[in-house]
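Note that the structure is predicted; figures quoted are calculated from it, not measured. Scope of the values below: all heavy atoms of this structure, side chains included, with no hydrogens, waters or symmetry mates. Residue numbers start from 1 in every chain, and the chains themselves are labelled A, B, ... in the order their sequence lines are given, proteins ahead of strands.
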2 protein chains.
Amino acid sequence: MLDVRRLRLLRDLARLGTIAAVSEAHTYTPSAVSQQLAALQREAGVRLLERAGRRVALTPTGEALVRHAEVVLAALEAADATLAAARGGLSGTVRIGAYPSAVRTLLPTALVALARSHPGLHLMVTELDPVDVPDALRGRRLDVALLHDYDIVPVEPDPALDSTPLLDETVYLALPATHAYDGADPLRSARTAAWIVGTPGTLCHTVALHACELAGFRPEVHHHADDFAAVLALVAAGHGVGLVPQLAVGQPPPGVELVPLTVRRRTRVAFRRGSGDHPAVAACVRALGAAAAAVFA
Amino acid sequence: MLDVRRLRLLRDLARLGTIAAVSEAHTYTPSAVSQQLAALQREAGVRLLERAGRRVALTPTGEALVRHAEVVLAALEAADATLAAARGGLSGTVRIGAYPSAVRTLLPTALVALARSHPGLHLMVTELDPVDVPDALRGRRLDVALLHDYDIVPVEPDPALDSTPLLDETVYLALPATHAYDGADPLRSARTAAWIVGTPGTLCHTVALHACELAGFRPEVHHHADDFAAVLALVAAGHGVGLVPQLAVGQPPPGVELVPLTVRRRTRVAFRRGSGDHPAVAACVRALGAAAAAVFA
DNA sequence: CGGTTACGTAAGCTGAGCTGATGCTTGACG
DNA sequence: CGTCAAGCATCAGCTCAGCTTACGTAACCG
């Protein structure tokens, strides 16, 4: 019978690509991971890995084994969840990850509700970009986290994660009120404007570029800002245009015009596959859903 | 994350009922099993076991955990199967369990075919009573085995095992030709006869008693014989009547009359859940199916 | 009430698996 | 095309998880 710890290393290697990264994720030395994967391969009796340049790549058999490993790990996660439910559930700590605007809007409401209903629960919030969420969940640095799911940026579903829908927001084009908006396709009308987008590497950045590309132009980027309040302030000051989701526009500063786009931003609550029945995870998901409903009401 | 070895011990405890039996199945000392289960309970944080007399019983939480364990173990078995397929499959040894009449009739045909098609495969046949099959499969003393599935003796499906149908046979009442058979319900006509049944504890024994009970009488048992050739010989000698399945009556000895009953004996090929895709297991199942078709043709 | 059966605990030993050091191969860079 | 850093594999050595052995205790049985 295969060793689950080794299977987990193999699965993480499939994601992370290098033994060094896996070892770091597990706080082992690379040597230990190398030895364990060698042992796994030995008892499998088939080549699972092969050198590819100075890294290692999985063979097709290795990939197939990873798919089985996902099933095993999800089942173990589910077992953990029922145990937590049996314990009364509300003990321990839950680490929640969210993007900044949610931390400002949804999280406070949800945290207050959770603290009231489950006083034993220790909640720990981490602000991070959605692109880093999957790794953080898989690496067990987070238990619950918010993800974005733009229709224009398809993201392939991660077999190690599960999620439920939370929000469906309109995305606005924020323009200076002085800007001549001709009423046609709002994005095209801003094709020559100075753009304010997220810093490269963030999801916001790729979404903005992608939306412009679909509208048939490449935006001239003048500013990078991840904080939407900052974006709105820049827009109000007449320094450019940018995309702002519904959640981030509490009260827009004067001098900003918001034009709704067809682009929508969907937010999902993600967690490790199998942990959905964990009472603490389930409570967080419920609380976030209630908070979303309240904020949007 | 829970330890799979410990989960396996818990699952086996759920089946076997005592730590001593589990320890024997794993060739450990009872002490080791006790310690491991205690550790599992400690890291679970919930009571999984409790003393019941001088044995231990699972709490409801323990039972729930066992159900998760079944999923985990089946997934690991499936992983093993794909690895075996990647290896080329035909290596290693397959241990086949079967009841005596199948060993005489089906197995030789199947073994010849398997040896021809998969020369690398080492086949090991064990004769055993179907009642012992589930334990032997779970305990990994067998890989593939034949089970009976009588409609009149319902057997609850084992979550750790999977199976496919193989045979559906008529069961005959074997009577001395001198016996006055009145043409009515054959079993009732034999209610005052001397009965030849299997030794207590075997499936044949319980099936015979059960069939008689359904016919409204309790048979007077004169002989215990598990070998159907022996049963037929006794019947021919006028020493009693007995039930004989179709597979066991090659050419009945003279002086024996066979009356078909409505009772049917269904045979299934069983294996550990998840191992069905193991190429060696699949090859055995196919070969047994072909042998069954050939023998019945 | 002894005898047997079964589980739990204590003490001690062994090997799986970790770290740290070293060497080899690959790709990048001037 | 030489040099350097990144990355993996291997070796030696040590530590602790987990086994066995030994013993104590509670429950059923005659």
Of A:R51 and B:S34, the one whose nearest nucleotide on DNA chain C sits closer to the 5' end is B:S34
What integer distance in Å separates B:H26:NE2 from D:dG18:P? 15 Å
In degrees, rounded to 10°, what is the bend between the two ends of the helix from C:dC1-D:dG30 to C:dG30-D:dC1, using five pairs at each? 30°
Can you name the side-chain hydrogen bond (donor to acceptor under 3.5 Å, both in side chains) partners of A:D135, sequence neighbours left out? A:R138
For B:R268, all residues meeting salt bridge (Lys or Arg N to Asp or Glu O under 4.0 Å), sequence neighbours excluded: none
Can you sort out the partners of A:F271 under ring-ring contact (aromatic ring centres under 6.0 Å, His included), two or more places apart, ordered by chain and number? none
Figure out the CD/P separation between A:E50 and C:dT25, and round it to whole Å. 18 Å
A:E213: salt bridge (Lys or Arg N to Asp or Glu O under 4.0 Å) partners, not counting sequence neighbours: none
Taking distance alone, no hydrogens or angles, what donor-acceptor pairs closer than 3.5 Å link side-chain atoms of residues 18-26 of chain A to residues at least two apart or in another chain?
{"unit_1": "A:T18", "atom_1": "OG1", "unit_2": "A:A20", "atom_2": "N", "d": "3.2"}
{"unit_1": "A:T18", "atom_1": "OG1", "unit_2": "A:A21", "atom_2": "N", "d": "2.9"}
{"unit_1": "A:S23", "atom_1": "OG", "unit_2": "A:I19", "atom_2": "O", "d": "3.4"}
{"unit_1": "A:S23", "atom_1": "OG", "unit_2": "A:A20", "atom_2": "O", "d": "2.6"}
{"unit_1": "A:H26", "atom_1": "NE2", "unit_2": "A:D12", "atom_2": "OD2", "d": "2.7"}

Would you list the pairs meeting salt bridge (Lys or Arg N to Asp or Glu O under 4.0 Å) in which at least one residue belongs to residues 53-75 of chain B, sequence neighbours left out? B:R11-B:E70, B:R15-B:E70
Roughly how many Å is it from CD1 in A:I19 to P in D:dC8, rounded to a whole number? 5 Å
Nucleotide D:dC19, atom C1' - distance to CG of B:L37 in whole Å: 14 Å
For DNA chain C, whose closest nucleotide is more 5', that of B:L49 or that of A:A52? B:L49
Excluding sequence neighbours, so at least two apart, what forms salt bridge (Lys or Arg N to Asp or Glu O under 4.0 Å) with A:D277? none
Run the side chain to side chain contact (heavy atoms under 4.5 Å, CB included) test on B:L40 and B:L9 for me, step by step, so that the C-alpha distance in whole Å, both residues' side-chain angles and the decisive distance to 0.1 Å come before the verdict. CA-CA 10 Å; B:L40 178 63; B:L9 292 176; over 6 Å; no
Rounded to whole Å, the CG-P distance (B:L9 to D:dC19) equals 8 Å
Go through B:T93 and B:R95 one step at a time and tell me if the side chain to side chain contact (heavy atoms under 4.5 Å, CB included) criterion holds. CA-CA 7 Å; B:T93 137; B:R95 293 155 304 176; 4.2 Å; yes
Atom CG of B:L13 and atom C1' of C:dC7: how far apart are they, to the nearest Å? 11 Å
Send over the distance from A:R47 CZ to D:dC8 C1', rounded to a whole Å. 13 Å
Give each protein N/O atom lying under 3.5 Å from an N/O atom of nucleotides 3-5 of chain D, with the pair distance.
{"unit_1": "D:dA5", "atom_1": "N3", "unit_2": "A:R54", "atom_2": "NH1", "d": "3.4"}

How would you list all residue pairs meeting salt bridge (Lys or Arg N to Asp or Glu O under 4.0 Å) that involve residues 72-81 of chain A, not counting sequence neighbours? A:E77-A:R140, A:E77-A:R272
Which residue pairs pass the side-chain hydrogen bond (donor to acceptor under 3.5 Å, both in side chains) test when at least one of the two sits in residues 32-41 of chain B, sequence neighbours left out? B:R6-B:Q36, B:S31-B:Q35
Heteroatom pairs (N/O) under 3.5 angstrom, protein to nucleotides 16-21 of chain C:
{"unit_1": "C:dG17", "atom_1": "OP2", "unit_2": "A:R6", "atom_2": "NH2", "d": "2.6"}
{"unit_1": "C:dC18", "atom_1": "OP1", "unit_2": "A:R5", "atom_2": "NH2", "d": "2.8"}
{"unit_1": "C:dC18", "atom_1": "OP2", "unit_2": "A:Q36", "atom_2": "NE2", "d": "2.8"}
{"unit_1": "C:dC18", "atom_1": "N4", "unit_2": "A:Q35", "atom_2": "OE1", "d": "3.3"}
{"unit_1": "C:dT19", "atom_1": "OP2", "unit_2": "A:T29", "atom_2": "N", "d": "3.0"}
{"unit_1": "C:dT19", "atom_1": "OP2", "unit_2": "A:T29", "atom_2": "OG1", "d": "2.8"}
{"unit_1": "C:dT19", "atom_1": "O4", "unit_2": "A:Q35", "atom_2": "NE2", "d": "2.9"}
{"unit_1": "C:dG20", "atom_1": "O6", "unit_2": "A:S31", "atom_2": "OG", "d": "2.7"}

